[in-house]
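Being a predicted model, the structure only gives us computed values, none of them experimental.
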Amino acid sequence: LAARLGPKILRTSRLKLQILRGALAVMAPVCFAIAFAYVPLAEGIAVTFIAPLIVIALSAVFLGENVTRWQWLATVIGLIGAVVIVRPGAGLFHPKIILAFLAATFFAIRQVIGRVLAKQDKAETTMAFTAIVGFSGLTLALPFVWEAPSSPAIAAIFAGMALSAAFGEICTIRAVEMASAAIVAPIQYTTILWATLFGWIIFSQLPDMWTWIGTAIIVASGIYIIRSATSAKPLATVSAVR
């Protein structure tokens, strides 16, 4: 992007917000990585599904977007679904799952900031600042936490993570260019299927009945909010999103 656009890619009228968004882009995956060392994969992924619900709440408070009473109710029900998954007090709650909640919150705040920046900065500028801030932040931390990969296989896993994240981001951006957000967003919830499959094959972990119930509550709430928010927009706006 920098080679194609030159220095103008870094022209922004909201430098502080760009830096904050980049920092959140680092903090969220760091919380993910720590949480998943202690929390079963499917449960951790399911908890992060509250991110779209948090976006709705933050958008209403900080962006002044109209949120109906039914959308607020769906948001509350979705949060109840998250409580069903973690079940505090049931003896299965691990404190590190709070980091999964934090990761979802950081991701949601990042999304809201992205909406603000989209009104003034180009998408390429936001992507560039996210990459620069993330790279810089992790590089500063490197001397304090770095451990060389213990084997070529571990190094290959790291490379695979990076490539998967890169191609996944490209596919996501391309998807929202080709289809409306209402169609693309619910597909995020299929992550629970992959998390369950990999958790079972690699770690011999399977989510219990309450995890599935809580996940179903969150997914239903999220899809309702996405659908109702989109149906309330004028046709021209939906077409513009496409």
With sequence neighbours left out, what residues match F198 under side chain to side chain contact (heavy atoms under 4.5 Å, CB included)? L41, W194, I202
For the pair T125 (side chain) and L10 (backbone), establish whether a donor and an acceptor sit closer than 3.5 Å, ignoring hydrogens and angles. no
Which residues pass the side chain to side chain contact (heavy atoms under 4.5 Å, CB included) test with P149, not counting sequence neighbours? W146, I154, A155, F158
With rounding to the nearest 0.5 Å, note down the distance linking CD1 in I157 to OG in S164. 11.0 Å
Please report the interatomic distance CZ(F106) to CG(L102), rounded to the nearest 0.5 Å. 5.0 Å
Mind listing the closest non-hydrogen atom pair of A28 and F107 along with its distance? CB-N, 4.4 Å
Residues R14 and L117: closest non-hydrogen pair is CB-CD2, 3.6 Å
Cut-off 3.5 Å, no hydrogens considered: what does the side-chain donor-acceptor table look like for residues 133-140, sequence neighbours left out?
from	atom 1	to	atom 2	distance (Å)
S136	OG	I132	O	2.7
T139	OG1	F135	O	2.6

Would a hydrophobic clustering, with Ile, Leu, Val, Met, Phe, Trp and Tyr connected at side-chain separations under 4.5 Å, put F101 with V112? yes
Please give me the minimum heavy-atom distance between A100 and A35, naming the atom from each residue. N-CB, 4.0 Å
Is I97 linked to F36 within one hydrophobic cluster, defined over Ile, Leu, Val, Met, Phe, Trp and Tyr using a side-chain heavy-atom separation of less than 4.5 Å? yes
Looking at residues at least two apart in the chain, or sitting in another chain, which of them share a side chain to side chain contact (heavy atoms under 4.5 Å, CB included) with T105? I54, I109
Is there a chain of hydrophobic side chains (I, L, V, M, F, W, Y, each step under 4.5 Å between heavy atoms) that links V26 to F32? yes
For residues 15-23, please give each side-chain donor-acceptor pair under 3.5 Å, one per line with the distance, not counting sequence neighbours.
from	atom 1	to	atom 2	distance (Å)
Q18	NE2	D121	OD2	2.9
Q18	NE2	T126	OG1	3.3
R21	NH1	T130	OG1	2.7

Point-to-point distance, once rounded to the nearest 0.5 Å, from OG1 of T12 to NZ of K122: 12.5 Å
Contact list for residues 29-41, test side chain to side chain donor-acceptor pair (under 3.5 Å), sequence neighbours left out: none
